[in-house]
Amino acid sequence: MKVAKVVVDVAVSAIDSLFDYEIPKQLQQVVKPGVRVIIPFGPRKVMGFVIEVTDFSHFDKLKKIDSVMDYEPVLTRELLDLSKWLQQETLCFRVSALQAMLPAVFKAKYEKEVWLITEEDQLPFEWQMFTQGREVFPFEELESAGIKAKEISKFVEEQLIEIKYVVKGKNKVKTDTYVERMVEEVKLIEQLDELGKQAKKQRNVIEYLLDHDKPLRLKELMQHVDVTRAPIKSLEKKGLIKLVQKEIYRDPHQANHELTKPLPLTSEQQNVINPVIDQINQIKHEMFLLHGVTGSGKTEVYLQSIDRVLQDDKEAIVLVPEIALTPQMVTRFKSRFGDDVAVLHSGLSTGEKYDEWRKIHRKEVKVVVGARSAIFAPFENIGIIIIDEEHETTYKQEDYPKYHAREVAKYRGKYHQCPVILGSATPTLESYARAQKGVYQLLELTERVNEQALPDMKIIDMRKELEKGNRTMFSDALVEKINDRIKRKEQVVLMLNRRGYSTFVMCRECGETVQCQHCDISMTYHRTNHKLKCHYCNEEQAMPNQCPECESEAIRFFGTGTQKVEEALKEHFEQARIIRMDVDTTSRKGAHERLLKKFGNQEADILLGTQMIAKGLDFENVTLVGVIAADAILHLPDFRASEKSFQLLTQVSGRAGRHELPGEVIVQTYTPEHYTVKLAAQYDFEGFFKREMQVRKRFLYPPYYFLVLINISHENHVKAVEVSQKIANLLSEQLGETVQLMGPSPSPMLRIKDRFRYQLMIKYKSRTDVDKPLENVLNTFQKEINREDLQLTVDFEPYYFM
DNA sequence: ATCTATCCGTGC
DNA sequence: CACGGATAGATT
């Protein structure tokens, strides 16, 4: 007997193991590892992933696989094994790991249906009201009609009805109607004579067909010949043509890109690419850290490394952060590798993502450029993996499986014996430290390709501005420089580096701020609909006219949002044309590209935006970059706050002077003496690294120690505290001397969505020191997680501490 | 997650 | 003792 070992699509700990099913004879050809199947599970039907096929099971009474959902495996052996590794590394369920590797269309939908097995009139009158002659209807309708479970099961017993569980796949392939010729050309010409005088339209169609002998889209034909379906149908009846449904791709990047040739490399670039090519030639795995200043031509190094890989008929994965934000990047890859590129990012619809995925799956492309999850691209012969802007935190997934793309890249690089390149102008301390230790091979690009010096960065002390009596958000120096650029018809990028980028509401009389009812966070004001919104739970309420506390009417919105900066800009620079980019102006699909294109066409003088404008933009006419408040994220409750600030300042300054014209940067700050601001202004990464490493060493933070964050949340505040303390006790009993346990402490945001949140942190050197104790904690509280409303999450290498 | 069997309170 | 709601237990 053939047995399939299956991961069942039910994400609970009790089910988190392999279940055995008999493979019926007629399915033995298709059921292979990586194929999704529909299996009976208790009284229901659920989806499952086949992991293995064997001849033996320890169970004696096996159920049979119902049917298959795929005729080709959707996951390779490598990815199936990788899911096991992810499960162990991140402590997630195996299904969650498998789901994370596939586009959303592969998530099953479950429906319950009621089937009549007798005549309708056998049923009581109330039932006939809504069956309305239907033989099948959704179970849901019974419930909403208020029909009791007892009555339903009675009818099932009496064999009047049957309840069926259906599993629906959503992976719908888009098709289009095509017209195919069924006969020889000569035959068609003969037909022309036989057609009656009336059949003018049919004649036109045949003539068009004779001119175009490739497969034709029906729509196209109808448009070009200006006919309706009728004449085409009659031609089909005569057997001359056939209408067929063909698969098509929803192609979001249809634009034809002119192909570019590899650029000549500078000697620095050549030195950097050589060791990579060596590894490709020797089919060896190595981690490279490519540290290159902004504008040093990292992308060209990527492109030419990939080119080398493609010559060996191998594939390449390129990860880019928030790819929708850098359409310029996509264009560069598309215009070098043309149709060999698939693009995967969050801006695509589920259907579009599915289609891009299928191109990869069918090996119709060789290169995938995508956001985090593209690291799971189902290639089988990978020759290189590139992670651009490796310091970006978007490479860490925040929900289960809480994986870091860099670690997955390492896994896959080792499996395929290929190099992995991590590229950045401001590497993470973790990566740079590893490079210094020789764990990664360090590659450095110190010069800009255009031989232009890095833009001069000036620090402006905003406290002095205030002393001078300047109460605006723009320093005198910034105003002067902006005016100067407007006069010279050059462009300015202004970054409002602020978390939340919206404004909160405060009463000027009593100081009361409007807080969300469910979360410990200020509501933010949205001008677009004049409402207050909570960023965490999306609760909305009207902007109050008076203070809810003291009834004063002096209630106003505060804080420096981009909208507010935009207004201030308009006052200061009346003739300036401004483009504002923030969540409000870029939420619509394609809005991003449109705004950037407008700026690129020099239809505006100033581009004002949040951190989203710091990355990847390349406009030749930009000669001034302004940072409105450099210290905005410097004081966040996050041990990486300095590192993030340094990265951001470096990234955004790189937007200026990328081409012929020299650039300049103005950094406004209230803490000019801070080493992060100072060293960033000098582009002294090395200095910053050394300085920040001291801090990390002193406080036992990465890269000296690894971290695990345990989040505990419960609706009941007392319960949350109690459980946190119990876990802390349990852990401190079991953890050895080599690790540090911190907490429990309330999360920076104590309450979110009516849940009270506490956290514990462990600083450790080796996973073996924490794995067992954590497992014990999870086992101990498993019951409470299932029954009570306790939530417990474990996050290795956390990036988010709020 | 979701279904079934079982336990216990309420009401007649 | 029937009902309904909460709850333990199983799912190959």
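Every chain is numbered from 1, with letters handed out A, B, ... down the list of sequences. Predicted, not measured: the structure shown is a model, and the values here were computed from it.
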message: Please classify the nucleic acid contact of A:Tyr165 as base, sugar-phosphate, or nothing, using heavy-atom distances under 4.0 Å.
response: sugar-phosphate
message: Is there a side-chain contact (heavy atoms from CB on, under 4.5 Å) between A:Val95 and A:Val10? Walk through the geometry before answering.
response: CA-CA 7 Å; A:Val95 238; A:Val10 174; over 6 Å; no
statement: In short, side chain to side chain donor-acceptor pair (under 3.5 Å) pairs touching residues 370-380 of chain A with sequence neighbours left out are A:Lys363-A:Glu380
field: Side-chain ion pair, A:Arg77 and A:Asp81, N-O less than 4.0 Å
entry: yes
- prompt: With a non-hydrogen cut-off below 4.0 angstrom, is A:Lys150 in contact with a base, only sugar-phosphate, or nothing?
  reply: sugar-phosphate
- prompt: Pairs in or reaching into residues 6-23 of chain A: which pass side chain to side chain donor-acceptor pair (under 3.5 Å), with residues at least two apart or in two chains?
  reply: A:Lys5-A:Asp20, A:Asp9-A:Gln99, A:Asp9-A:Tyr110, A:Ser13-A:Gln782, A:Asp16-A:Gln87, A:Asp20-A:Ser57
- prompt: Should A:Glu775 and A:Lys772 count as an ion pair when the cut-off is N to O under 4.0 Å?
  reply: yes
statement: Sorted by chain and number, sequence neighbours left out, salt bridge (Lys or Arg N to Asp or Glu O under 4.0 Å) with A:Glu390 holds for A:Arg406
message: Tell me whether A:Glu247 is salt-bridged to A:Arg362, with the criterion being a basic N under 4.0 Å from an acidic carboxylate O.
response: yes
Taking only N/O atoms, report every protein-nucleotides 6-12 of chain C pair under 3.5 Å with atom names and distance.
{"from": "C:dA8", "atom 1": "OP2", "to": "A:Arg787", "atom 2": "NE", "distance (Å)": "3.0"}
{"from": "C:dT11", "atom 1": "O3'", "to": "A:Gly42", "atom 2": "N", "distance (Å)": "3.4"}
{"from": "C:dT12", "atom 1": "OP1", "to": "A:Gly42", "atom 2": "N", "distance (Å)": "3.0"}
{"from": "C:dT12", "atom 1": "OP1", "to": "A:Lys63", "atom 2": "NZ", "distance (Å)": "2.4"}
{"from": "C:dT12", "atom 1": "O3'", "to": "A:Asp20", "atom 2": "O", "distance (Å)": "3.0"}
{"from": "C:dT12", "atom 1": "O3'", "to": "A:Lys63", "atom 2": "N", "distance (Å)": "2.7"}
{"from": "C:dT12", "atom 1": "O2", "to": "A:Asp20", "atom 2": "N", "distance (Å)": "2.8"}

- line: For A:Thr768, the side chain to side chain donor-acceptor pair (under 3.5 Å) test, sequence neighbours excluded, returns A:Ser766
query: On DNA chain B, which is the earliest and which the latest nucleotide, 5' to 3', with an atom closer than 4.0 Å to a heavy atom of chain A?
result: B:dA1 to B:dC3
